[in-house]
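One structure below.
Chain letters run A, B, ... following the sequence lines, proteins first, then strands; residues in each count from 1.
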Protein chains: 2
Amino acid sequence: MAVRLKDIARDLGVSLITVSKALRGMGDISEETRQRVLKRMAELNYRPNMLARGLASGKTYIVGLIVPDLLHPFFAEFAKSLNGVLRRHNYGLILASAEEDPKIEQQEIRTVLARGVDALLIASCQPTLHGFYGVEDQRTPFILIDRDFPHLSAHFVGTDDYAAGLIATRHLLSTGKRRIAHIAGPDLAPGADRLRGYKDALAEQGISVRKQYIISNARVEEIGEDVGCQGMRKLLQRKPRPDAVFCYNDLTAIGAIHAALEVGLSIPRDIAFVGCGNVRYSGYLRIPLSSIDQSTGLLGEQAGKLALELINNRATAAKHIRLKPTLVVRASSVVSDLPIQAAVDGKSGVKSQVKTAKKSNPRINAKK
Amino acid sequence: MAVRLKDIARDLGVSLITVSKALRGMGDISEETRQRVLKRMAELNYRPNMLARGLASGKTYIVGLIVPDLLHPFFAEFAKSLNGVLRRHNYGLILASAEEDPKIEQQEIRTVLARGVDALLIASCQPTLHGFYGVEDQRTPFILIDRDFPHLSAHFVGTDDYAAGLIATRHLLSTGKRRIAHIAGPDLAPGADRLRGYKDALAEQGISVRKQYIISNARVEEIGEDVGCQGMRKLLQRKPRPDAVFCYNDLTAIGAIHAALEVGLSIPRDIAFVGCGNVRYSGYLRIPLSSIDQSTGLLGEQAGKLALELINNRATAAKHIRLKPTLVVRASSVVSDLPIQAAVDGKSGVKSQVKTAKKSNPRINAKK
DNA sequence: TGAGAGTACGTTAGCGCTAACGAAGTATGC
DNA sequence: GCATACTTCGTTAGCGCTAACGTACTCTCA
């Protein structure tokens, strides 16, 4: 059996509550007693029973995180970063991967809440908003991640996806491309915002948006390589053929590039690509991929800090944190005169990825 | 406030314990009463308080997982798969990423244990075995993941790393290469086993192991692209130059390939590469990477099942589960006569990856 | 018919901890 | 010298649930 407060109290000849107070650093204990207690605790390798503490105090020091897919680099990095913040504040993390299934998401939310988490972070994969199964009514603070539900006045931490679309498309325009296509994501907040950004960037240059250049994936479950590949095959049949593609994420971009190479196109000369997400291997791909970096680690930190804040100050008006993304340019969108190995090593390779991710200081829009 | 058993009992005019029994499906309740109780529970949206249940019963229905780095695709996939198994059995997952730091690992083990998990899975990053800080003495069953500590007679789930080294090296030998180098991993079980496999495969062909062809990374903290790149630069200075390299993992392979391209070598003609881990993008890299697949998803499942087994039957002799890895051949190790785009599309590209790693991998050429 | 067995439900006593208040002892002020 | 305040420690009463046993009540069968 594990050592309990009671054991230490008996051992030291003081009352249980004195030991508890010493442990928690409460004021009305003499410094001498506290040291005596702490010393004995260390000797006996005492570990407070967090279940009992949680039951008695109503605080579990656990935060729940529900993501659509832990394997997705974005969520993995987010979770890692969040875990770091929480650990530094002695909070634990209960994690659930919903397998892109709203039913499972619902189940996970239920069970995670039953465990009495102090806060809940949800990157939802719900197609339409049916509310969060009672989370809103609960006293447990909850934060939406990555994907906002504007109708719900909830806390939110995510990327400025409109800016992502804008920046990516502007970049392609700046390289002289004019027939820019878009392989869109699901018809949820991030996808819709990136699409808006894409359209507005075109409008800025007086270029009309052509429907035939937009591949919709409104109802696709998993936006991966095959979606990009199939989308690209359709785009290749358009007349005139697009000369650039802004892809919803890096996975679709990889698939799209694959389809373009398949028919012997030269990248970026014939057709250029920009992805979104800047996943780890983007710089090492066959065609190193230009991408929009979401500073995911920073998102995790911000989300963690917000969660802790909400836990400590019960009532706060809904906070929206949107980080500005940054562009990482690589060979998929910019012609390089250098031999290929130099191109990879130099400006467009990993080095610049690190540089950008470190240096870029995304501004935080704290609406309200 | 959440609904409690007491509320339902009062509401229905029965005793609290009757409600509890109905909830848990215990035998000595009439079917009629049970239905009445369950119906009311559903109406009131009752959720059992898992903290209280855990405190009273000693079972939390939570499993803890501690990994060195959640961002590493292996651990992300493992965690995801484990989460799936646990969810199907109504278990939750507390996850901690130790940031490759033994100190943090120790801290995480302490706090996770304090939360009263029913089982603990540890993929340790300890450089040497100092024991698991009292986990062994605890009644909490624990399972070592990926990396075994043979001295400890603990449960283990991981890859047959010796086979991985053997298979990878045999493959390179089968393509006619004879001067095969190895960029090794840290001097822990997986790294040491892969090295042994490498050596034995050479011995099988009567080829003597040359020290100058083995790059040791015994004390390197993070085995990533940089390590591979630097290791390769050293290997390039050896005389005669190696004509193939088996790399500890895919990340080092990516770095190594980078260094080889840098000096204008042709892959795989001048020098061939095999990695290990078969991460998601291996098939999309500049030089699609031959790799050893660890069937990580299956490992997660096996580990989850073992954990549940241990939770239910207290005492079991130490169980060792080692899955045999498989080889996925791509263009980094096999010459292809086809033009590059066809090579990627065809035999050496994505297809073989799909074939081997069925579940989570992109099925890009759906040309069936 | 009444002891034994079975069924359905309830009572009691915690799990290990904390919140809120209470009770000593010591110091301070006028 | 005695009330007031402060310091230090303890008592009481739970948090919401479960384990283990207790108690009615019914049924069975020699």
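- Screening residues 84-122 of chain B for ring pair (Phe, Tyr, Trp, His ring centres under 6.0 Å), with sequence neighbours left out, gives Tyr61(B)-Tyr91(B).
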**Complete:** Expected string for nucleotides 17-23 of chain D under the B/S/- scheme (protein heavy atoms, under 4.0 Å, primed atoms plus P, OP1, OP2 as sugar-phosphate) is BBB----
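- Considering Leu121(B), Leu310(B), Val117(B), Leu120(B) as possible partners of Phe142(B), the one that fulfils the side-chain contact (heavy atoms from CB on, under 4.5 Å) test is Leu120(B).
- Other residues, nucleotides and ligands contribute over 12 non-hydrogen atoms within 6.0 Å of the NZ atom of Lys59(B).
- In this structure, Glu32(B) does not pair ionically with Arg36(B), as no charged nitrogen and carboxylate oxygen lie closer than 4.0 Å.
- Sorted by first and then second residue, the ring pair (Phe, Tyr, Trp, His ring centres under 6.0 Å) pairs involving residues 7-41 of chain B (not counting sequence neighbours) form an empty list.
- Judged by closest nucleotide on DNA chain C, Val19(B) is the one of Val19(B) and Leu55(B) placed further toward the 5' end.
- Protein atom CD of Glu31(B) is 10 Å distant from nucleotide atom P of dA8(C), rounded to whole Å.
- Each end of the helix from dT1(C)-dA30(D) to dC30(C)-dG1(D) gets its own rotation axis from five pairs of C1' atoms, and the angle between them is 50° to the nearest 10 degrees.
- Between Ser30(B) and the phosphate of dT7(C), there is no side-chain N or O to OP1/OP2 separation shorter than 4.0 Å.
- Residues that satisfy the ring-ring contact (aromatic ring centres under 6.0 Å, His included) test with His155(B), not counting sequence neighbours, are absent from this structure.
- With no hydrogens or angles considered, a side-chain donor-acceptor pair links Asp118(A) and Thr60(A) at under 3.5 Å.
- Not counting sequence neighbours, Tyr46(B) has no partner by the ring-ring contact (aromatic ring centres under 6.0 Å, His included) test.
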